[in-house]
Undergrad: 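Questions regarding the structure given below will be posed in turn.
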Amino acid sequence: MTTLKQLSSRERWLFVGGFLGLIFVAIALPRLGLKSTQKILIKLPQTRYTVSDSEREKQVTQTAAMVKIAARYCQPFANCLKQSLILWQLLYLQRIESELRIGVRCDRGEFEAHAWVEYQGIALNEVREVREDFATFDRAIR
């Protein structure tokens with residue numbers, strides 16, 4: 001198992017951002033709702049640098065991995081919507097355009113909703129076939 005000391009400074013920043021973000025979202029979401037919580041999350045300053053496409057791919061993968069690890073330490077607060085909001089926010093702060101998606105389905109007579117983040121049409125924090133399992137809204141949640 002990787003320890004915090006073994007992570008690069010960038011990975012530590014992403015992990016801590018994910019961890020603190022998940023706690024914030026767990027508190028804010030039920031009180032403020034989705035739109036107001038999103039508005040607060042994007043008020044932090046974005047990075048000022050741009051990177052190549054190959055470096056951006058690495059950043060996306062690294063960010064998704066660090067949010068997933070942070071979520072393990074934030075149970076039971078880290079449901080799919082909260083994880084997706086923080087992943088979307090951390091990517092936004094790095095000037096990486098992604099989309100927050102919410103889908104619904106009725107399975108065995110029970111209504112279910114699910115959230116995930118897509119980068120260039122690919123689900124980052126979910127299996128790629130998630131769109132086959134859930135009917136999504138026409139547009140990403142902004």
Undergrad: Can you find a pair of side-chain heavy atoms, one from Met66 and one from Leu7, that are under 4.5 Å apart?
TA: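 In short, these two side chains touch, coming nearer than 4.5 Å.
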
Undergrad: Check Val104 against Ala113 and note the closest heavy-atom contact, atom names and distance.
TA: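 Closest approach of Val104 to Ala113, heavy atoms only: CG1-CB, 4.2 Å.
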
Undergrad: Do Leu91 and Leu124 have side chains that approach each other closer than 4.5 Å (heavy atoms only, starting at C-beta)?
TA: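 A side-chain contact under 4.5 Å exists here.
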
Undergrad: Sub-3.5 Å donor-acceptor pair from the side chain of Gln83 to the main-chain atoms of Cys80, do we have one?
TA: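 No, Gln83 side chain to Cys80 backbone: no donor-acceptor pair under 3.5 Å.
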
Undergrad: Looking only at heavy atoms, which two atoms of Leu14 and Leu90 are closest? And how far apart?
TA: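 Nearest heavy atoms, Leu14 then Leu90: O-CD1, 3.8 Å.
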
Undergrad: Is there a side-chain contact between Val25 and Leu41 in this structure, where contact means two heavy atoms from C-beta onward sitting under 4.5 Å apart?
TA: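 Yes, their side chains come closer than 4.5 Å.
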
Undergrad: Specify the closest pair of heavy atoms between Ser8 and Gln62, including all atoms of both residues, with the distance to one decimal.
TA: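 Closest heavy-atom pair between Ser8 and Gln62: OG-NE2, 4.3 Å.
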
Undergrad: Could you tell me the separation between the CD atom of Gln6 and the CZ atom of Arg12, rounded to the nearest 0.5 Å?
TA: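 If we round to the nearest 0.5 Å, Gln6:CD and Arg12:CZ are 10.5 Å apart.
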
Undergrad: Mind listing the closest non-hydrogen atom pair of Ile102 and Ala115 along with its distance?
TA: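 Shortest heavy-atom contact: CG1-CB, 4.2 Å.
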
Undergrad: If you draw a 6.0 Å radius around CD in Glu110, do more than 12 non-hydrogen atoms from other residues or ligands fall strictly inside?
TA: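 Atom CD in Glu110 is not packed in, count stays at 12 or less.
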
Undergrad: Drop me the distance from Ser52's OG to Glu57's CD, to the nearest 0.5 angstrom.
TA: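 Answer rounded to 0.5 Å: 9.5 Å.
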
Undergrad: Less than 4.5 Å apart, side chain to side chain, heavy atoms only: is that true for Lys58 and Thr61?
TA: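 Of all side-chain heavy-atom pairs linking Thr61 with Lys58, none is under 4.5 Å.
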
Undergrad: Does Gln89 reach the main-chain N or O of Gln38 with its side chain, forming a donor-acceptor pair under 3.5 Å?
TA: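 No: the side chain of Gln89 does not pair with the backbone of Gln38.
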
Undergrad: Answer yes or no: is there a side-chain heavy-atom contact under 4.5 Å between Arg56 and Gln120?
TA: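 Arg56 vs Gln120: side chains apart.
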
Undergrad: Determine the minimum heavy-atom distance between Pro45 and Leu93, stating which atoms define it.
TA: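 In this case the closest contact between Pro45 and Leu93 is O-CD2, 3.7 Å.
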
Undergrad: So, taking the atom named OG1 in Thr37 and the one named CD1 in Ile86, what distance separates them when rounded to the nearest 0.5 Å?
TA: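 Atom-to-atom, Thr37:OG1 and Ile86:CD1 are 9.5 Å apart.
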
Undergrad: About how many Å separate NZ of Lys39 and NZ of Lys43, when rounded to the nearest 0.5 Å?
TA: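 Going from NZ on Lys43 over to NZ on Lys39, the span is 8.0 Å.
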
Undergrad: Please report the closest heavy-atom contact between Trp88 and Leu100, naming both atoms and the distance.
TA: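 Reported closest heavy-atom pair: CD1-N, 4.0 Å.
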
Undergrad: A side-chain contact here means heavy atoms from C-beta on lying under 4.5 Å apart; do Ser98 and Tyr92 qualify?
TA: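 Contact flag for Ser98/Tyr92 side chains = no.
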
Undergrad: Is Glu126 close to His114 at the side-chain level, that is, under 4.5 Å between some pair of heavy atoms?
TA: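 Touching, per the 4.5 Å side-chain cut-off.
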
Undergrad: Give a yes or no on whether Ile122 and Val67 share a hydrophobic cluster (residues Ile, Leu, Val, Met, Phe, Trp, Tyr; joining criterion: side-chain heavy atoms under 4.5 Å apart).
TA: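 No, Ile122 does not connect to Val67 through the hydrophobic network.
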
Undergrad: Hey, are Gln94 and Arg10 close enough side-chain-wise for a donor-acceptor pair under 3.5 Å?
TA: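 Checked: Arg10/Gln94 side chains pair up, N/O donor to acceptor below 3.5 Å.
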
Undergrad: Would you compute the distance between atom CG of Asn79 and atom CG of Leu22 and round it to the nearest 0.5 angstrom?
TA: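 Reported to 0.5 Å precision, the distance equals 9.0 Å.
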
Undergrad: I'd like to check Val117 versus Leu85 (side-chain heavy atoms, cut-off strictly below 4.5 Å). Are they in contact?
TA: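 Answer no - side chains too far apart.
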
Undergrad: State, without any angle test, whether Glu118 and Trp116 hold a side-chain donor-acceptor pair at a distance under 3.5 Å.
TA: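 Side chains of Glu118 and Trp116: pair found under 3.5 Å.
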
Undergrad: So how far is it from Lys68 NZ to Arg72 CZ, rounded to the nearest 0.5 Å?
TA: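 Interatomic distance, Lys68 NZ to Arg72 CZ, rounded to 0.5 Å: 6.5 Å.
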
